[in-house]
Amino acid sequence: MNKTHQQLDFAQPTTGISAISAFSDNYIWLVSNGSQALVVDPGQAEPVLQVLKQQQLSLTTILLTHHHQDHVGGATELVAQTGAKVWGPASEVLPVCDVALSEGDTFEDATLQLKLSVLDIPGHTSGHIAFFGTFGTTPILFCGDTLFAAGCGRVFEGTPAQMEASLAKLAALPTDSRVYCGHEYTLSNMRWAFEVEPNNVALQRWQEHASEQRRLNQPTLPSSIELELACNPFLRVRQPSIVRAATNWAQRELTTPVEVFAALREWKNNFR
Ligand code: ZN
Ligand code: FE
């Protein structure tokens, strides 16, 4: 394979972190060391219980990013079956939660080699949190439904200004951070991203790679902050090409990054 200087490195899967599929396009992220395990956003219990049984893992921890049913729906059953402890956002109503978290709080598990800190990232929901830190020496981010590969979550409870600030906070994390999102939305997000930036070469290359992964029935995740900065219109609201495209679509002058973000979000909501 020829590699040009323009070519971005795609994020490699991390040994020890794997995806459990739920519903039609949710991912429940499983972190394990071969005997103990943690899951992020278990919308369903059944697929998690199956994996625990197959791999003979004991579930010790459940992390929750936000209150939506497709992220918390399996938590109560998993607690009943395994006794796992639940850590989740302090300002949201959750079916079960032992440790209420907000910005600056930390989660550490030496057995699993995990060190995470909590970021408040309101917008999709008003109390949405992310977990950023390291697994071994690898920087990782669990961001629920706020940042998706080449896209972002809908602004259901917060304001566009909150969502834009939350995305900017994630965009400022180390570029080699591996990004574990809550859904497999990558290819459909990319179809829209091409409408915004038809000439984005990094996006073209990433789409080829992601299409191949889907053809092989593999997740397109993790993504990386580097890839998102190069390809995700919602993190590129200060780029002149993006401002121009959003202005053309909105048919009005957009003077701030938040206005550009709000126009992009509206454009994406209306994209089929
Ligand atoms: Zn959600
Ligand atoms: Fe979701």
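In each ligand, atom 1 is the first atom listed, and ligand 1 is the first ligand listed. As a basis for the values below, the full set of heavy atoms in this structure was taken, side chains included, without hydrogen atoms, waters or symmetry mates.
Not a single donor-acceptor pair under 3.5 Å links the side chain of Thr125 to the backbone N or O of Glu157. Side chain of Asp41 to main chain of Thr65: a donor-acceptor pair is present (N/O by atom type, distance under 3.5 Å, no hydrogens or angles).
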Under 3.5 Å, which donor-acceptor pairs link side chains of residues 54-62 to any protein atom two or more places apart or in another chain?
residue: Thr60; atom: OG1; partner: Ala37; partner atom: O; Å: 3.2

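Contact annotation: the side chain of Leu64 approaches that of Pro42 to within less than 4.5 Å [non-hydrogen atoms, C-beta and beyond].
Aromatic rings of His183 and His71 (six-membered ring for Trp) have centroids within the 6.0 Å cut-off, being under it. Between Trp192 and Tyr185, the distance separating the two ring centers is not shorter than 6.0 angstrom.
Each protein N, O or S atom less than 2.8 Å from the Zn ion (ligand 1) was counted, giving 4. Protein N, O or S atom count below 2.8 Å of the Fe ion (ligand 2): the structure gives 4.
Residue His128 is tested with Asp145, Asp120, Thr146 for a side-chain hydrogen bond (donor to acceptor under 3.5 Å, both in side chains); the sole match is Thr146.
For the salt bridge (charged side-chain N to carboxylate O under 4.0 Å, His left out) test, residues two or more places apart in sequence or in another chain that qualify with Arg238 are Glu164.
Classification of the Trp29-Tyr180 ring pair by plane angle, with boundaries at 30° and 60°, yields perpendicular.
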